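Inspection log for the structure reproduced underneath, given as structure tokens.
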Amino acid sequence: MRKERHRINITLAAEDYARAEQLAQAGGFKNVCAFARALLTQVAQYAAARQMNAQQLARQPTTIAAEIAEMFNDLIDWDAANPAQQRAAIRANEKRNEL
């Protein structure tokens, strides 16, 4: 039984197409279309998995005890981290808060 398929048409700027062509060749794809198809498929699967995880998390609220345990685990990890690891964690937290 054949899966139902749909066709899309995408127009790219010449620079973007050239970059996509380089990525396709580097990844071993036959052409840019095969690369774009694989990329879109992966994005769709990733989005579906994220949605499934979000739904599962919404159904299973964390208990206060679990939240407290997680906070203490974070503090213990922080105390054991060297200064470089602490700086990296601070930067990552700042970037996450900027979004």
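Residue numbers run from 1 in the order of the sequence given. From a predicted model like this one, the values you see are computed outputs, not experimental measurements.
Hydrophobic clustering, with ILVMFWY side chains joined whenever heavy atoms are under 4.5 angstrom apart, keeps Y17 apart from L39. Residues L23 and I10 are members of separate hydrophobic clusters, defined by side-chain heavy-atom contacts under 4.5 angstrom among Ile, Leu, Val, Met, Phe, Trp and Tyr.
Sorted by first and then second residue, the pairs that involve residues 6-15 and meet side chain to side chain donor-acceptor pair (under 3.5 Å), not counting sequence neighbours, are E4-H6. Applying the side chain to side chain donor-acceptor pair (under 3.5 Å) test to every pair with at least one member in residues 27-44, sequence neighbours left out, gives no pairs at all. Residue pairs meeting the ring-ring contact (aromatic ring centres under 6.0 Å, His included) criterion with at least one member in residues 28-53, sequence neighbours excluded, are F29-F35.
Residues passing the side-chain contact (heavy atoms from CB on, under 4.5 Å) test with Q25 are E21, sequence neighbours excluded. Every residue meeting the side-chain contact (heavy atoms from CB on, under 4.5 Å) condition with I64, not counting sequence neighbours, appears here in chain and number order: I68. R19 is linked by a salt bridge (charged side-chain N to carboxylate O under 4.0 Å, His left out) to D16, counting only residues two or more places apart in sequence or in another chain.
Across all their heavy atoms, A20 and V32 have their closest contact at CB-CG1, 4.0 Å.
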